[in-house]
S.K.: 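Next up is a structure, given as structure tokens.
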Amino acid sequence: MNGFPGFVLRRLAGAVITLFVLSVIIYVVFYVTPGNVAQITCGPRCSPAQVQQVAQQLHLDDPLYVRYWHFLQGVFVGQDYSTGTSVEHCAAPCLGQSYQTGREVTDIIWAKLPVSFSLVLGAMVIWLLLGVGTGVLSAWRRGRLSERVLTAVTLAGVATPVFVIGLVLMIVVCGELRLLPFPQYVNFTDDPEQWAWNLLLPWLSLALIEAAGFARLTRSSMLETLAEDHIRTFRAYGVGERAVIARHALRGATASVIALNAVTVGSAVGGAVLTETLFGLPGIGQELVRAVKVVDLPVVVGMVLVTGFFVILANAVADILYAVADRRVVLA
């Protein structure tokens, strides 16, 4: 298919293939790691016979490709699990059961997703507003003292780790000034105001670093656009500088901002692991750290796969929005 519909189908098909390859890599990497999973699951006081029984219940003696095939079956049609006395059915999409708790991995993920979504989406709004706004102001005030100060601030933001910003904000805002309480997650449906207040510091911790990249990209894209001939023509016809900046120069930076935002969402998911752990937010990041510590492989694989799915989806959506903003992409 040609044109925009064909472009969308190609991008979606590429996303599906990428997700399949990612699932194979993740499954192989985690399930060929050294260590006796059955021994870890059973406990240090288990006898060799008990460890072997646990290994059989977890199907750890099956070849790796057989286990991966069962994993795919669970994702698409569900899977049955033996608890020793009965058989439980895990409905599709089934990502397995936790070795430690016996809960379905999908139930654990669904319980943690609202926290991580709240963190990443709220931070995304802030980094777009701060980053693009700072970049526009920096390009507009090029060569002046304010532009140099903004450039220095953005460089400092890029170089500062997220946990450093988070610790400083907690010490200053919560400890010294006592402007905000120490973050404690509240469901949006229970109290929207408290939900926002308790997430404000985590949002800022994650957004301040990412905003620096958007500021630099917006500034460079706008300066490049402002140097083009059609901008000189607008100015020659008497179009005001603010109109040139808002209607033409900023529009030229839109496609680049969309592309960077997709990549940033992926890095923000990784940064959310540190942010959630630092602020004690019960999201996917904190649960992933716990699962890694106890070698709960189904939870680790399921959460990494779901995280990868959202990163791939964000990039596919960004490609489509990029094509909407610049139709030349469709012809490339």
Side-chain angles (χ1 to χ4, degrees), residues 1 5 8-33 35-38 40-42 51-117 120 265-266 269 283-285 287-288 290-292 294-317 319-320:
M1 293 181 64
V8 172
L9 289 178
R10 289 194 300 271
R11 287 296 179 268
L12 293 179
V16 172
I17 295 173
T18 304
L19 182 61
F20 172 74
V21 174
L22 177 66
S23 69
V24 173
I25 294 174
I26 291 174
Y27 200 89
V28 171
V29 167
F30 282 107
Y31 278 98
V32 297
T33 53
N36 192 333
V37 175
I40 296 173
T41 304
C42 187
V51 172
Q52 182 61 30
Q53 183 179 4
V54 171
Q56 291 177 353
Q57 291 177 348
L58 299 177
H59 303 287
L60 298 178
D61 294 330
D62 293 338
L64 186 62
Y65 68 89
V66 174
R67 280 184 283 165
Y68 179 72
W69 174 248
H70 289 313
F71 175 77
L72 286 183
Q73 284 183 319
V75 172
F76 291 103
V77 299
Q79 194 170 359
D80 293 329
Y81 287 92
S82 174
T83 61
T85 58
S86 61
V87 176
E88 295 182 358
H89 180 71
C90 176
C94 178
L95 299 175
Q97 287 184 320
S98 168
Y99 288 164
Q100 300 296 320
T101 64
R103 291 181 61 193
E104 295 182 10
V105 175
T106 48
D107 291 342
I108 298 175
I109 293 174
W110 281 119
K112 304 297 181 180
L113 267 181
V115 182
S116 298
F117 269 149
V120 174
V265 168
V269 172
I284 286 182
E287 181 64 24
L288 182 59
R290 184 207 64 80
V292 170
V294 299
V295 198
D296 200 346
L297 290 183
V299 177
V300 174
V301 171
M303 289 196 164
V304 173
L305 187 60
V306 169
T307 301
F309 166 77
F310 285 113
V311 173
I312 293 171
L313 179 63
N315 280 272
V317 172
D319 286 342
I320 295 172

S.K.: For residues 308-315, please give each side-chain donor-acceptor pair under 3.5 Å, one per line with the distance, not counting sequence neighbours.
M.R.:
unit_1, atom_1, unit_2, atom_2, d
Asn315, ND2, Val311, O, 2.7

S.K.: Go through the structure and list residues passing side-chain hydrogen bond (donor to acceptor under 3.5 Å, both in side chains) with Tyr65, not counting sequence neighbours.
M.R.: none
S.K.: If you look at every heavy atom in Ala92 and Gly78, which pair is closest and at what distance?
M.R.: CB-N, 3.5 Å
S.K.: Start with the C-alpha gap between Val8 and Asp319, add the side-chain angles, then the distance that decides, and say whether side chain to side chain contact (heavy atoms under 4.5 Å, CB included) holds.
M.R.: CA-CA 9 Å; Val8 172; Asp319 286 342; over 6 Å; no
S.K.: Quick one: list whatever passes side-chain hydrogen bond (donor to acceptor under 3.5 Å, both in side chains) with Thr106, sequence neighbours left out.
M.R.: none
S.K.: Name all residues meeting the side-chain hydrogen bond (donor to acceptor under 3.5 Å, both in side chains) criterion together with Arg290; count only those two or more places apart in sequence or in a different chain, and write none if there are none.
M.R.: Glu287
S.K.: Considering all heavy atoms of both residues, which atom of Ser116 and which atom of Gly285 are nearest to each other, and what is their separation?
M.R.: OG-N, 4.3 Å
S.K.: Taking the side chain as everything from C-beta on, heavy atoms only, tell me whether Ile108 gets closer than 4.5 Å to Met303.
M.R.: yes
S.K.: When rounded to the nearest 0.5 angstrom, what is the spacing between SG in Cys94 and CD in Gln73?
M.R.: 11.0 Å
S.K.: Of all heavy-atom pairs between Leu19 and Leu305, which one has the smallest distance, and what is that distance?
M.R.: CD1-CD1, 4.2 Å
S.K.: Mind checking side-chain hydrogen bond (donor to acceptor under 3.5 Å, both in side chains) for Thr101 and listing every partner two or more places apart, or none if nothing turns up?
M.R.: Ser98
S.K.: Hey, mind stepping through Val75 and Leu95 against side chain to side chain contact (heavy atoms under 4.5 Å, CB included) and telling me if it holds?
M.R.: CA-CA 6 Å; Val75 172; Leu95 299 175; 3.9 Å; yes
S.K.: Taking all atoms of both residues into account, what is the closest heavy-atom pair of Asp62 and Arg67, and its distance?
M.R.: O-NE, 3.4 Å
S.K.: Please list, chain by chain and in numerical order, all residues satisfying side chain to side chain contact (heavy atoms under 4.5 Å, CB included) with Val24, sequence neighbours excluded.
M.R.: Phe20, Val28, Tyr68
